[in-house]
Structure formats: C-alpha cells, structure tokens
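Computed from a predicted structure; not experimentally measured. Both ligands and their constituent atoms are indexed starting at 1 by order of listing.
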Amino acid sequence: MTTVTACTNPNLALIKYWGKKSGYCDIPATPSLSIALGGLTTTTTIHEAVEDTIELDGRMVTDVKIENWLQKVRAEYSIPPIAIRSENDFPTASGLASSASGFSALTLCIDGLFSLRLDQQKLCWLARQGSVSAARSMYGGFVSLDPRTMETDCVQLQNFDHWDLRVVVAVCDTHTKVTSSTEGMARTVETSPFYSSWLSKTDQDYEDCKLAVAQKNFARLSEIAELNCFRMHALMLSSQPPLLYWNQNSLAAIGAIRDLQTDGVPVFLTSDAGPQIKAICMPESLAQVRTVLDGTVGVKRTIVAEIGRGPVVYSD
Ligand code: PMV
C-alpha cells in the first residue's frame, strides 16, 4: 500500500460547543450535537516522503496547526515523514468547519497507511487533537460529542437516513476568518460575564435537541437549535474585546430566513465562528429557501448539503 485517501464531510453543530474544559485543549466544556454535511467533501491523500510536506487546495503551504498535530501523533505512534495533499470542494477557513473534515480525513489516512487499526474512540480522540469538532466528522448522520461520558464521548446518534434534512449554506464572505475558534473561545472563557450561564443552559439544550432529532420534530428542533446558536453569538459578543463573526451580508441572510419563517416556511438558521449562515429545512422547502437566499443582496452564493453518510477510505 503506497497511498491512502480519505473523504470526509464537514459537520454542522445544531447544539454548539464554545469553550473548553479548564486545563484541557481537547475536551469541550459542554456537549454538542451535529449533522454531517453530505455533498461538501474534504479529500486527503498521504504517502511516505523524505520530509513532511502539505499541499492544501493545490498550493504548497506551511500549516502550523497540522505540524503541531503531527508532533502530537508522533508522541504516541512512530510515523515517518509524509506528503499530505488535501482539497476541499467548499471555501476553506470561513466558518464551514474545514478543519473538522481536514483533521478527520488526515487521522483516517494515517491510521490506514501505517496500519494502526485504531478503534473508533481512539480515532475520534486523535482527530480531536487537531480540532475538537473533527471528532464529530468521524461519523455520518447525527453525531454527539459529550464530555460527560468520557469513555464513549463521540457517538453516532442516528444514521444519515434517519431524517432527510437539507442545509442551504449562504456564503456571505469567502475570506479567512479573523479570529480562530480556538483563540475566540479562550477569550470568551476568560472575559465573558455570561460564560457560566452558557455552561448551565447547554446541557438542557443538548438533551432537548437529542429528543427532537429522535422524534423528527422539526418545529422543536428549529426552536432549540436557533436559540442555542443565538446564545452562542451573544456569548461571543459579550467577550472582551467583542467577537463579531457576522458581517452585513450575514444579517441580510438572517433577515431573509426570518421572512420565510413569517410566511410559514419550515426553516431555521444556524451559524458558527464565521460569517456564513446555514438554513436547515425539509426537502420540500429546499427550492424556495435556496431561491430566496440566492436572491438576497450580499449572499455571494449558496451551497446545498444533505445529511452526510460519513467517511470513506481507500488505498492504492
Ligand atoms: O472545532 P473547533 O475547536 O474549531 O470549534 C468549533 C466551534 C463551533 O463550530 C463554533 C461550534 C461547534 O460545536 O462546532
């Protein structure tokens, strides 16, 4: 076996984590629940080389995050130098969780090329050393990452075909974000006067969301996921200096989704540490939601995703 390729999906948190457990860089403070974004793919290929090289979206780069991660991996496993080639078919580093799909794909490639044969929890743990949400991209469907259950903290709650939901990503800016999520959440933990309230509310949001997903209750899911998203952005804004990830185009997209809701269209929104706004709807509303967002001034383009099936790994 000379090369291994892994294809993974980014994931979208419906219940967010924002803040790590005190003293840890890889354990979230609160549980989160995500969906895999099928149709958006990171494809990563690795092979042995004389020195480590990284090619991202066709360009040779120096990537400190990946280099640091490789150091952590090598502290556990004997891994020789590797050449990494990775491509995203969606904008990199702009709130579309490319680091989640990137680190999950890289973890699977290393496991495959060097026959580590790690179990699923160990794979999740390794991916999480690069980006905490990367653990959730080790599965398709509906996934939870719950630090309260240490042994089995990242699990698939439901398979991709449990519930046919669609996501319309309104791309509101394609530039790299200013404040990384790692830096941003550290700032929030240190400075927000509301951080303890966030910690006390998220467990319940997570339990309610889990139930809404299990029961396929769209109205309830809309309510909880939007509330949790707005609470996270309020928390970000309450940091010092404030973290504002949205721009005027994001607000235009939020307004357009609000108008659809007023017209009775079953759709809700969520957004992460970036300007992109994601509308979640049932397949029958997809065309209408997409048309409205495509026609919203400031929305650069839309990308449609469905619930992803999870990683695929192959070797040559
Ligand atoms: O995976 P990280 O450590 O880069 O943080 C991701 C944070 C959010 O996307 C804002 C929320 C989440 O749970 O995915």
Side-chain angles (χ1 to χ4, degrees), residues 8-21 24-37 40 42 63-66 68-69 72 90-107 124-139 142-147 153-154 157 167 169 176-189 192 195 198-199 201-203 205-206 209-210 224-237 239 243-246 250 269-278 280 305 308:
T8 56
N9 302 132
N11 66 78
L12 174 61
L14 301 179
I15 297 300
K16 320 285 188 186
Y17 106 87
W18 191 254
K20 291 174 187 167
K21 218 172 203 166
Y24 293 89
C25 61
D26 64 330
I27 303 185
T30 55
S32 55
L33 195 158
S34 66
I35 48 176
L37 294 177
L40 309 189
T42 294
D63 189 309
V64 180
K65 238 182 143 181
I66 295 178
N68 289 345
W69 180 79
K72 288 187 200 167
F90 54 94
T92 304
S94 52
L96 273 174
S98 58
S99 60
S101 46
F103 280 110
S104 58
L106 200 47
T107 299
C124 289
W125 179 83
L126 215 51
R128 212 165 75 190
Q129 303 310 305
S131 171
V132 168
S133 57
R136 299 189 311 237
S137 279
M138 298 304 280
Y139 299 94
F142 299 76
V143 181
S144 82
L145 178 59
D146 186 348
D153 59 357
C154 191
L157 294 173
V167 179
V169 181
T176 304
K177 66 186 161 199
V178 183
T179 313
S180 72
S181 43
T182 304
E183 193 187 327
M185 64 180 80
R187 188 189 300 174
T188 299
V189 172
S192 171
Y195 185 61
W198 164 257
L199 293 181
K201 286 285 173 204
T202 320
D203 286 4
D205 286 354
Y206 168 77
C209 184
K210 218 164 127 177
I224 302 156
E226 275 201 0
L227 182 66
N228 182 264
C229 166
F230 282 117
R231 276 194 188 136
M232 181 183 73
H233 282 270
L235 184 69
M236 291 163 160
L237 283 168
S239 308
L243 291 158
L244 173 58
Y245 284 106
W246 292 335
S250 318
L269 70 91
T270 192
S271 172
D272 295 286
Q276 272 48 289
I277 302 298
K278 293 101 174 187
I280 295 95

Before signing off on this row, confirm whether Arg136 and ligand 1 have an N or O atom pair separated by under 3.5 Å.
yes
Per-atom contacts, ligand 1 versus Asp272 - under 4.0 Å to a heavy atom
8 (C), 9 (O), 10 (C), 11 (C)
Ile35 side, atom CD1; Arg136 side, atom CZ - distance, nearest 0.5 Å
10.5 Å
Ligand-residue contact atoms, ligand 1 with Lys16, heavy atoms, under 4.0 Å:
13 (O)
Using heavy atoms and a threshold below 4.0 Å, how should the contact between Ser181 and ligand 1 be classified: side chain, backbone, both, or neither?
side chain
Those residues that, when tested against Thr188, pass side-chain contact (heavy atoms from CB on, under 4.5 Å) (two or more places apart)
Trp18, Ser192, Tyr195, Leu235, Ser239, Leu243
Taking distance alone, with N or O pairs closer than 3.5 Å, would you say Trp18 contacts ligand 1?
no
Looking only at distances, please establish whether an N/O atom of ligand 1 is found under 3.5 Å from an N/O atom of Tyr17.
yes
In chain order, what residues pass the salt bridge (Lys or Arg N to Asp or Glu O under 4.0 Å) check against Asp203, with sequence neighbours excluded?
Arg148
Does Ser131 come within less than 4.0 Å of ligand 1, judged by its heavy atoms?
yes
Side chains of Ser131 and Lys65: donor-acceptor distance under 3.5 Å anywhere?
no
Are side-chain N/O atoms of Ser250 and Tyr245 paired as donor and acceptor at under 3.5 Å?
no
Side chains of Ser101 and Thr42: is there a donor and an acceptor less than 3.5 Å apart?
yes
Give the numbers and elements of all ligand 1 atoms closer than 4.0 Å to a heavy atom of Ala13.
12 (C), 13 (O), 14 (O)
